[in-house]
Amino acid sequence: MTNQDTIKLEGEEAIKLWQAGKDKWNKWVEANPIADVSFKGVDFSKHKAKEDGISFQGYKFPKGSVDFHGASFGDGLADFCGASFGEGDVNFGEASFGKGIVNFGGASFGKGYVYFRGVDFGKTDVLFVRVLFGEGDVDFRGAYFGGGHV
C-alpha cells in the first residue's frame with residue numbers, strides 16, 4: 001500500500017468517532033489497520049462533558065501516524081491509560097494540558113518516533129508508569145512540567 005492509499009481519519013470525523021467511545025473506535029481501527037489519525041490543533045475542552053475528562057483509555061490506534069500536535073486538553077483528566085499506539089510516529093508536540101492529571105500509564109508505543117517536544121503539561125500530575133516505548137526515539141525537549149508530579 002502506498003502513502004496515497006493510506007486512509008486518514010481527521011477533523012470532525014475523528015472527533016465524532018472518538019466521542020462514540022472506545023468500542024466503536026477500536027472496531028473502526030480493526031477494519032482500518034493501516035491508517036493515519038490526526039487530532040492536530042483540536043481543542044478537546046470544547047468536546048468533553050463538563051465533569052468528564054478526555055479519555056482515550058484503552059483506545060487502539062492504527063499502524064499509521066498519530067498526530068495530536070498543538071491539541072489543547074484543558075483542565076481535568078487527560079487519560080491515555082492502556083492506549084495502544086501503532087507502528088507509526090506519534091506526535092504530541094506543542095500540545096497543552098491544563099490543571100488535572102495526564103495519565104499515560106500502561107500505554108504502549110510502536111516502532112515510530114514519539115514526540116513530546118514543547119508540550120506544556122501545565123500544573124498537573126503526569127503519569128508514565130509502565131509505559132512501553134518501542135524502537136523509535138522519544139523526545140521531550142522543551143517540554144514544560146509545571147507544578148505537578150511526574
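Only heavy atoms go into these numbers, but all of them, side chains included; no hydrogens, no water, no symmetry mates.
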Exercise. Can you label the angle between the F104 ring and the F109 ring as parallel, tilted or perpendicular, going by 30° and 60°?
Key: tilted

Self-check item: Between NZ on residue K40 and CG on residue N91, distance to nearest 0.5 Å
Solution: 8.0 Å

Self-check item: V126 with F133, same ILVMFWY side-chain cluster at under 4.5 Å
Solution: yes

Quiz item: Do F116 and F128 have ring centres separated by under 6.0 Å?
Solution: yes

Self-check item: Ring geometry between F80 and F92 (parallel below 30°, tilted from 30 to 60°, perpendicular above 60°)
Solution: perpendicular

Quiz prompt | Short N-O contact, R117 and D139, less than 4.0 angstrom | solution = yes

Quiz item: Are F140 and Y144 connected in a single hydrophobic cluster, I mean Ile/Leu/Val/Met/Phe/Trp/Tyr linked by side-chain heavy atoms less than 4.5 Å apart?
Solution: no

Self-check item: Where K22 and Y59 come nearest, the two heavy atoms and their spacing
Solution: N-OH, 3.3 Å

Practice problem: Test side chain to side chain contact (heavy atoms under 4.5 Å, CB included) on Y115 and D137 and set out the steps. | Solution: CA-CA 8 Å; Y115 193 74; D137 290 337; over 6 Å; no

Practice problem: Mark yes or no for whether N103, through its side chain, and V129, through its backbone, hold a donor-acceptor pair below 3.5 Å. | Solution: no

Exercise. State yes or no: do L132 and V90 share one hydrophobic cluster built from I, L, V, M, F, W and Y residues joined by side-chain heavy-atom distances below 4.5 Å, directly or via other members?
Key: no

Quiz item: With a 4.5 Å limit on heavy-atom distance, are the side chains of I101 and L127 in contact?
Solution: yes

Quiz item: To the nearest 0.5 Å, what is the distance between CZ (R130) and SG (C81)?
Solution: 7.5 Å

Quiz item: Quick one: does L9's side chain get under 4.5 Å of W25's, heavy atoms only?
Solution: yes

Quiz item: Say you draw a straight line from CZ of F145 to CZ of F121; how long is it, rounded to the nearest 0.5 Å?
Solution: 4.5 Å

Exercise. Indicate the ring-plane relationship of H47 and F44, choosing parallel, tilted or perpendicular according to the 30° and 60° boundaries.
Key: perpendicular

Self-check item: Closest approach of S38 to K8 (non-hydrogen atoms, all atoms of both residues)
Solution: CB-CE, 3.9 Å

Practice problem: Can you see which heavy atom on K60 is nearest to which on V29, and at what distance? | Solution: O-CG2, 3.1 Å

Quiz item: Are the side chain of W18 and the backbone of S55 linked by a donor-acceptor contact shorter than 3.5 Å?
Solution: yes

Exercise. For residues P33 and P62, determine if any side-chain heavy atom of one lies less than 4.5 Å from a side-chain heavy atom of the other.
Key: no

Quiz item: Are the side chains of V42 and I15 in touch, meaning some heavy atoms are under 4.5 Å apart?
Solution: yes

Quiz item: Below 4.5 Å, heavy atoms only, C-beta onward: do D79 and Q57 meet side chain to side chain?
Solution: yes

Self-check item: S65 versus D89, side-chain donor and acceptor atoms under 3.5 Å
Solution: no

Quiz item: Any idea how F85 and F61 line up, ring-wise: parallel (<30°), tilted (30 to 60°), or perpendicular (>60°)?
Solution: parallel

Quiz prompt | F56 ring center within less than 6.0 Å of F39 ring center | solution = yes

Self-check item: Shared hydrophobic cluster for F68 and L77 (ILVMFWY, side-chain gaps under 4.5 Å)
Solution: no

Practice problem: Output the distance between atom OG (S96) and atom CG (D43), rounded to the nearest 0.5 Å. | Solution: 8.0 Å

Practice problem: Over all heavy atoms of both residues, which pair between K63 and I34 is shortest? Give the atoms and the distance, please. | Solution: CD-CG1, 4.3 Å

